[in-house]
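Here's the structure we're looking at; comments come further down.
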Amino acid sequence: MTEPTLHLPPGLQQELADLADATARRPEDIALDAVRQRVEQESAPVRAAAELLAGAHADLLRRLGR
């Protein structure tokens, strides 16, 4: 797997470095936590909508699957 490169504006990069220093963490770990949180936050409503649609059309989905 290729590691992504995160390009941050200089001010934000410095804030991330300061936060990492203040919390004795690596900037990469802080960024990873932020990405995980965002993905979880964004995927929850999408998952809920997909489940709602699947439930509403369960009969049709069953017929198409056979």
Side-chain angles (χ1 to χ4, degrees):
M1 183 166 128
T2 305
E3 286 196 29
T5 301
L6 185 60
H7 298 282
L8 300 173
L12 185 56
Q13 188 171 357
Q14 185 59 53
E15 288 183 49
L16 178 59
D18 292 345
L19 178 60
D21 187 48
T23 58
R25 298 178 66 202
R26 297 181 322 147
E28 297 87 349
D29 294 334
I30 294 170
L32 179 59
D33 287 348
V35 169
R36 281 186 177 138
Q37 181 180 8
R38 181 63 182 259
V39 167
E40 182 180 316
Q41 182 182 42
E42 294 285 332
S43 64
V46 172
R47 188 177 311 107
E51 289 172 358
L52 182 65
L53 286 170
H57 301 287
D59 187 49
L60 175 61
L61 292 171
R62 268 192 299 280
R63 286 184 283 153
L64 289 172
R66 291 185 180 188

message: Under the criterion side-chain contact (heavy atoms from CB on, under 4.5 Å), I'd like the reasoning laid out for Leu6 against Val35: C-alpha separation, chi angles, the key distance, then a yes or no.
response: CA-CA 11 Å; Leu6 185 60; Val35 169; over 6 Å; no
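The CG atom of Leu16 sits 9.5 Å away from atom CD of Gln14, with the distance rounded to the nearest 0.5 Å. To the nearest 0.5 angstrom, Arg47 atom CZ is 14.5 Å from Leu52 atom CG. Within the model, atoms NE2 of His57 and CG of Leu64 stand 11.5 Å from one another, a figure rounded to the nearest 0.5 Å.
In Gln41, the CD atom is crowded: over 12 heavy atoms of neighbouring residues, nucleotides or ligands sit closer than 6.0 Å. Within 6.0 Å of atom CD in Glu40, 12 or fewer heavy atoms from other residues, nucleotides or ligands are found, so the atom counts as exposed in its surroundings.
Val46 and Leu53 end up in different hydrophobic clusters when Ile, Leu, Val, Met, Phe, Trp and Tyr side chains are linked at under 4.5 Å.
Across all their heavy atoms, Ile30 and Arg25 have their closest contact at CG1-NH1, 3.7 Å. Closest of all the heavy-atom pairs between Thr23 and Leu19 is OG1-O, 2.7 Å.
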